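Okay, so here's the structure we're looking at.
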Amino acid sequence: MKLQNLQILSLRNWNAISFDGIQGLSNLEELEIKNCGGIQEVIKLEGLLTIKGEQQDLLLPRLKKMLLIDLLELRCIWKGTTELINLNNLEDLKVIRCKKLTHLFTPAPTQSLQKLKFLEIERCDELEHLIVENAEEQVLSESHPQPLCFPKPNVVKVKVGSCNKLKCLFHVDRWNAVSIFLRLEELELKNCGGLQEVFNFEGFLTREGEQQDEFFPRLRNMFLVKLHELTYIWKGPTKLINLNNLEYLKVKGCTKLTHLFTPALAQSLRKLKFLEIERCDELEHIIVENVEEQVSSENHLQPLCFPKLEIVNVRYCNKLKYLFPMTIADSLLELKILRVIENSQLMEVFTHEGDAGVQKDVTLPQLELMGLKVLPSLVNFCPNNYQFILPKLRELRVESCEKMRTTFTHTPDRSSPDRQVSTISPVLSTCPANNDITWTDVEDIDRIDAIYFRLDDDLDLL
């Protein structure tokens with residue numbers, strides 16, 4: 001069989017320093033290199049020569065999948081000039097336990113990643129950057145300047161875990177490399193102890209008169225777990241970030257994170273369904289005011305709203321004083337489950353700094369389950385001049401909230417003709433100090449307990 005016809009190549013337990021046969025593999029579609037302890041570079045480009053005046057074929061034009069696993073001495077994926085590399089068809093890249101690898105790409109080959117869909121990086125102890133500048137490429141780009149852009153970005157899922165030297169995932173500076181992630185749908189970052197920022201837009205400029213695409217308009221799921229040095233999810237101007245399709249957000253064990261969103265970002269969260277925050281020791285605000293945004297948006301302020309939010313679960317965030325401003329309460333038309341547990345400084349779930357004299361009823365029409373547990377500073381569920389009406393409430397649990405005094409109104413749900421009206425009193429009275437409440441609609445007790453246990457199991461799995 002001729003090498004140029006080879007489509008799948010798997011190398012295992014091989015002790016060579018580099019793989020020199022890449023030139024002849026013009027039809028290769030899958031490359032797996034696993035447990036080759038001595039290999040230092042996957043593709044050696046140094047010394048590749050062409051006959052004078054002859055056009056050199058680009059390397060790896062059909063490669064779709066590349067797996068690099070347990071390459072303990074790997075320092076770079078390619079070494080030498082990268083102008084001959086063509087990754088136009090690469091869809092799936094996994095790099096796992098390559099402990100000496102410091103970066104994945106330089107800008108030049110990144111431009112050809114037009115079909116990359118899945119990127120997974122795990123346990124690369126020395127990885128500092130996804131994309132790093134290359135001096136040789138800089139010289140070439142200065143003599144032939146062209147924008148680093150990606151006309152057909154397709155990355156759908158990025159998963160990075162246990163890369164403790166990685167400080168920023170996507171840094172946009174003088175070149176627009178992050179635009180490859182315009183179609184990103186899922187982002188999972190876990191156990192990256194040195195990560196300080198996820199997205200950094202400081203210094204990002206667009207050319208005058210050029211329309212810039214918004215970043216992350218398709219992002220649906222984002223999981224940030226045990227990122228102990230993370231101080232910002234996004235840093236710098238956020239006006240080009242669009243989170244209109246974000247549905248699931250989990251933030252757990254990000255002990256230095258002080259806030260999640262600015263108001264401008266929060267305004268785009270119109271499809272957010274699930275919000276889970278746990279063990280973020282320095283978290284003071286879910287939504288924090290931003291001076292730069294205030295100046296730019298004085299003439300076109302929009303109210304915050306989360307019309308699709310169904311589940312809110314906030315636990316062990318001991319600097320959080322409140323969850324949400326009252327201004328979003330009327331928009332929570334789909335909220336079904338609210339759990340707030342062991343947040344020692346939380347004083348109100350909803351807060352308002354305006355006129356305390358205005359009396360207002362607020363209805364959460366779909367709320368079925370609410371749990372407030374071990375909140376020693378909680379005084380009110382909401383300001384005293386507001387009253388929440390909860391027509392579909394099936395269970396209320398209040399435990400160890402010694403200071404709280406709030407009235408909840410429950411009216412029987414008559415929306416379903418098949419459902420018998422509960423005989424429980426429609427008004428739940430004020431919660432007196434030092435008195436726990438456990439109120440459950442007996443028709444739903446099994447279903448509600450199952451929901452509680454499932455939520456706890458989901459948290460423990462992360």
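This structure is a prediction, so every number in the text was calculated from the model and none was measured.
- Side chain to side chain, Asn89 and Lys64 fail the donor-acceptor criterion of an N or O pair below 3.5 Å.
- The structure places SG of Cys36 at 10.5 Å from CD1 of Ile69, a figure rounded to the nearest 0.5 Å.
- Between the CG atom of Leu283 and the SG atom of Cys317 there is a distance of 5.5 Å, given to the nearest 0.5 Å.
- Pairing each heavy atom of Cys280 with each of Ile277, the nearest pair is SG-CG2, 3.9 Å.
- By the 30° and 60° cut-offs, the orientation of the rings of His259 relative to Tyr232 is perpendicular.
- Checked options Glu197, Glu229, Glu284; the residue passing with Lys256 is Glu229 (criterion: salt bridge (charged side-chain N to carboxylate O under 4.0 Å, His left out)).
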Side chain to side chain contact (heavy atoms under 4.5 Å, CB included) evaluation trace for Asn313 with Ile337: CA-CA 8 Å; Asn313 206 338; Ile337 298 172; over 6 Å; no
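- Scanning both residues, His228 and Gly253, for their nearest heavy atoms gives ND1-O, 3.3 Å.
- Between the side chain of Asn244 and the backbone N or O of Asn242, no donor-acceptor pair lies under 3.5 Å.
- Interatomic distance, Glu32 CD to Met66 CE, rounded to the nearest 0.5 Å: 12.5 Å.
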side-chain hydrogen bond (donor to acceptor under 3.5 Å, both in side chains) between Gln366 and Lys336, intermediate numbers included: CA-CA 5 Å; Gln366 301 299 326; Lys336 294 179 173 63; 5.1 Å; no
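- The structure places CG of Leu272 at 12.0 Å from NZ of Lys308, a figure rounded to the nearest 0.5 Å.
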Can Leu93 and Phe105 be said to form a side chain to side chain contact (heavy atoms under 4.5 Å, CB included), step by step? CA-CA 12 Å; Leu93 174 60; Phe105 307 109; 3.6 Å; yes
As a quick check of understanding, evaluate salt bridge (charged side-chain N to carboxylate O under 4.0 Å, His left out) for Asp70 and Lys34, giving each step before the final call. CA-CA 6 Å; Asp70 290 319; Lys34 184 175 182 179; 5.6 Å; no
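- Looking at Ser268, its side chain does come within 3.5 Å of a backbone N or O of Leu265 through a donor-acceptor pair.
- With Leu184 as reference, Val158 is the one residue of Val156, Val158, Asn221 to meet the side chain to side chain contact (heavy atoms under 4.5 Å, CB included) rule.
- Using a 4.5 Å heavy-atom threshold, the side chains of Lys159 and Glu122 count as touching.
- Counting heavy atoms from C-beta outward, Ile96 and Glu120 have side chains that approach closer than 4.5 Å.
- Judged purely by atom type and a 3.5 angstrom limit, Asn343 uses its side chain to pair as donor or acceptor with the backbone of Val314.
- Every side-chain contact (heavy atoms from CB on, under 4.5 Å) that Leu72 has, sequence neighbours left out, goes to Lys99.
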Step by step, work out the side chain to side chain contact (heavy atoms under 4.5 Å, CB included) result for Ile33 and Leu67. CA-CA 6 Å; Ile33 304 179; Leu67 309 179; over 6 Å; no
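- Side-chain contact check for Pro376 versus Lys403: every heavy-atom pair is 4.5 Å or farther apart.
- In summary, the side chains of Lys271 and Asn245 do present a donor paired with an acceptor at a separation below 3.5 Å, with no hydrogens or angles considered.
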Test salt bridge (charged side-chain N to carboxylate O under 4.0 Å, His left out) applied to Asp330 and Lys360, step by step: CA-CA 11 Å; Asp330 285 326; Lys360 184 176 180 181; 2.8 Å; yes
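- Side chains of Lys167 and Gln196: a donor-acceptor N/O pair is absent below 3.5 angstrom, by distance only.
- Interatomic distance, CG of Leu367 versus CD1 of Ile389, reported as 13.0 Å (0.5 Å rounding).
- With Leu187 as the partner, the side chain to side chain contact (heavy atoms under 4.5 Å, CB included) test is satisfied by one option alone out of Val155, Val198, Leu246: Val198.
- Without hydrogens or angle criteria, His352 side chain to Thr327 main chain gives no donor-acceptor distance under 3.5 Å.
- In this pair, Phe381 and Phe388 present their aromatic rings perpendicular. The plane angle is above 60°, beyond the 30 to 60° band.
- For the pair Glu348/Pro383, a side-chain contact is recorded, criterion being any heavy-atom separation below 4.5 Å from C-beta on.
- Checked by atom type and distance alone, the side chain of Asn164 never pairs as donor or acceptor with a backbone atom of Asp125 at under 3.5 Å.
- In this structure, the separation between CD on Gln345 and NZ on Lys321 is 4.0 Å, given to the nearest 0.5 Å.
- Using modelled atom types, one side-chain atom of Trp234 and one backbone atom of Leu260 make a donor-acceptor pair closer than 3.5 Å.
- Ser331 places a side-chain N or O within donor-acceptor distance of the main-chain N or O of Phe306, the cut-off being under 3.5 Å.
- By the 4.0 Å N-to-carboxylate-O rule, Lys65 lies too far from Glu30 to be salt-bridged with it.
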Going through the distances and angles, do Val225 and Leu189 end up as a side chain to side chain contact (heavy atoms under 4.5 Å, CB included)? CA-CA 6 Å; Val225 180; Leu189 303 177; over 6 Å; no
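- Asn318 places a side-chain N or O within 3.5 Å of a backbone atom of Ser344 that can act as its donor or acceptor partner.
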After noting the C-alpha distance and the side-chain angles of Arg394 and Glu368, does the key distance pass the salt bridge (charged side-chain N to carboxylate O under 4.0 Å, His left out) rule? CA-CA 5 Å; Arg394 303 289 176 245; Glu368 296 186 16; 5.3 Å; no
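- No close placement of the Phe199 and Phe215 rings is indicated, their centers lying 6.0 Å or farther apart.
- Taking the side chain as every heavy atom from C-beta outward, Tyr386 and Met326 approach each other to under 4.5 Å.
- The only member of Glu41, Glu73, Glu128 that meets salt bridge (charged side-chain N to carboxylate O under 4.0 Å, His left out) when paired with Lys100 is Glu73.
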